[in-house]
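What follows is one structure encoded as structure tokens, with my remarks underneath.
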Amino acid sequence: MQLPKLNFKEDFVFDVKKDKDTFFIYDIVRKSWLVLTPEEWVRQHFVHYFTKVKKYATSALILEKKLDLNGTTKRIDLLITEKTMPKILVELKAPHIKLTQETFEQIARYNSVIEAKEIILSNGNQHIFAKFENGKYIFEPINL
């Protein structure tokens, strides 16, 4: 399986295995093998980025948590917590998905419930970072 190089400074080492015709990647947070989808490839880069580069404990990362949004169940991709409080909400897309106003509005809606101070929207190639201050998002450059 040819996996795309993503826009991260570091080259992370992943445990990947194949069973029949399906590839799996080991998730160090959930301590389990997950089907290696394009979005999971991006998620695991962020898991390694936050644990290996930013030195967050795996217990500070929450993955694929259910979220009730206006009576419908949604699922957040990744939440970084600090002292159990939401710090960074991360919404991930597969590398071939374009980041648009619509995808940004999706993470903003999720964050209206989560109330993280910072958000990241990424498809692994393009990363959008914003801080929530005084009721609005302030966009800042980010280098991963």
Side-chain angles (χ1 to χ4, degrees), residues 1-10 12 14-17 19 21-144:
M1 173 180 218
Q2 185 66 16
L3 297 167
K5 172 85 174 100
L6 300 180
N7 185 15
F8 287 80
K9 289 179 190 171
E10 290 79 12
F12 301 113
F14 301 97
D15 288 327
V16 176
K17 71 179 182 179
D19 185 13
D21 291 333
T22 305
F23 285 87
F24 296 86
I25 189 165
Y26 189 75
D27 183 318
I28 61 174
V29 174
R30 293 176 274 191
K31 296 179 175 46
S32 62
W33 291 93
L34 305 170
V35 174
L36 182 50
T37 63
E39 185 178 317
E40 195 59 49
W41 180 237
V42 177
R43 182 182 354 267
Q44 291 306 315
H45 274 74
F46 273 93
V47 165
H48 280 69
Y49 171 76
F50 281 113
T51 57
K52 312 267 190 250
V53 176
K54 292 298 191 180
K55 305 297 185 196
Y56 282 92
T58 56
S59 60
L61 279 66
I62 299 171
L63 292 98
E64 296 194 296
K65 179 182 189 247
K66 288 184 180 178
L67 170 73
D68 181 46
L69 183 66
N70 299 326
T72 60
T73 301
K74 303 293 183 182
R75 192 179 308 264
I76 61 170
D77 290 322
L78 174 60
L79 177 63
I80 311 304
T81 61
E82 200 165 75
K83 297 180 182 170
T84 71
M85 297 301 293
K87 181 175 182 185
I88 308 168
L89 178 61
V90 185
E91 176 63 26
L92 304 168
K93 302 296 181 193
H96 68 277
I97 302 292
K98 284 185 145 193
L99 303 185
T100 63
Q101 181 69 31
E102 187 177 316
T103 55
F104 181 80
E105 288 170 2
Q106 176 187 7
I107 190 172
R109 280 191 305 275
Y110 292 1
N111 200 39
S112 70
V113 176
I114 300 292
E115 298 181 339
K117 293 174 179 46
E118 303 170 354
I119 61 172
I120 297 173
L121 173 62
S122 177
N123 62 9
N125 296 310
Q126 180 186 8
H127 314 293
I128 298 171
F129 174 77
K131 289 185 177 180
F132 190 71
E133 295 176 358
N134 301 320
K136 64 181 180 180
Y137 286 99
I138 313 289
F139 294 89
E140 296 181 4
I142 184 171
N143 290 310
L144 302 176

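The first residue in the sequence is number 1, and the count goes up from there.
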inquiry  = Rounded at 0.5 Å granularity, tell me how far CD in Gln44 sits from CZ in Phe14.
reply    =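 Going from the CD atom of Gln44 to the CZ atom of Phe14 covers 7.0 Å.
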
message = With rounding to the nearest 0.5 angstrom, report the CD1 to OG1 distance, Ile62 to Thr81.
response =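 So the gap between those two atoms works out to 5.0 Å.
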
Apply side-chain contact (heavy atoms from CB on, under 4.5 Å) to [X] and list each qualifying residue two or more places apart in sequence or on a separate chain.
X     : value
Thr37 : Val35, Glu39, Glu40
Ser59 : Ala57
Lys66 : Thr73, Arg75

What is the minimum heavy-atom distance between [X] and [Y], and which atoms define it?
X     : Y     : value
Pro4  : Pro95 : CG-CG, 4.3 Å
Ile28 : Thr51 : CD1-OG1, 3.6 Å
Leu92 : Val90 : CD2-CG1, 3.5 Å

Side-chain heavy-atom pair [X], [Y] within 4.5 angstrom cut-off:
X      : Y      : value
Lys54  : Ile80  : no
Phe132 : Ile119 : no
Phe46  : Leu63  : no
Leu99  : Phe104 : no
Leu61  : Leu78  : yes
Phe50  : Ile88  : yes

query = Of all residues at least two apart in sequence or in a different chain, which pass the ring-ring contact (aromatic ring centres under 6.0 Å, His included) check with Tyr26?
reply =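 Tyr26 satisfies ring-ring contact (aromatic ring centres under 6.0 Å, His included) with Trp33 once adjacent residues are dropped.
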
All side chain to side chain donor-acceptor pair (under 3.5 Å) counterparts of Tyr49, not counting sequence neighbours =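 Partners of Tyr49 by the side chain to side chain donor-acceptor pair (under 3.5 Å) criterion come out as none, since no residue qualifies.
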
task = Go through Asp19 and Thr22 one step at a time and tell me if the side chain to side chain contact (heavy atoms under 4.5 Å, CB included) criterion holds.
result = CA-CA 5 Å; Asp19 185 13; Thr22 305; 5.6 Å; no

request  = Can you run down the ring-ring contact (aromatic ring centres under 6.0 Å, His included) pairs that involve residues 60-81, sequence neighbours left out, and say none if there aren't any?
outcome  =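 The answer is none; no pair qualifies.
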
request  = If a pair satisfies salt bridge (charged side-chain N to carboxylate O under 4.0 Å, His left out) and one of its residues is in residues 93-117, list it, with sequence neighbours excluded.
outcome  =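 Of all non-adjacent pairs touching residues 93-117, those that pass salt bridge (charged side-chain N to carboxylate O under 4.0 Å, His left out) are Glu91-Lys93.
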
message = Quick test of your reading: applying salt bridge (charged side-chain N to carboxylate O under 4.0 Å, His left out), list the pairs with at least one residue in residues 76-88, sequence neighbours left out, ordered by first then second residue.
response =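 Listed once each, the pairs are Arg43-Asp77, Glu82-Lys87.
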
key: Contacts of type salt bridge (Lys or Arg N to Asp or Glu O under 4.0 Å), residue Lys9, not counting sequence neighbours   =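 Salt bridge (Lys or Arg N to Asp or Glu O under 4.0 Å) check on Lys9 returns nothing, list empty.
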
Taking only distance into account, with no hydrogens and no angle test, what donor-acceptor pairs under 3.5 Å do side-chain atoms of residues 135-144 form with protein atoms, sequence neighbours excluded?
residue : atom : partner : partner atom : Å
Tyr137  : OH   : Asn111  : ND2          : 3.0

request  = Please work out which of the three classes, parallel, tilted or perpendicular, describes the rings of His45 and Phe8, given edges at 30° and 60°.
outcome  =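 Geometry flag for His45 against Phe8: tilted rings.
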
Return a table of donor-acceptor pairs under 3.5 angstrom between the side chains of residues 120-128 and protein atoms on other chains or two or more places apart.
residue : atom : partner : partner atom : Å
Ser122  : OG   : Gly124  : N            : 2.9
Ser122  : OG   : Gln126  : O            : 3.3
Ser122  : OG   : His127  : ND1          : 2.7
Asn123  : OD1  : Asn125  : N            : 2.9
Asn123  : OD1  : Gln126  : N            : 2.8
Asn123  : ND2  : Ile97   : O            : 2.9
His127  : NE2  : Asn7    : O            : 2.7

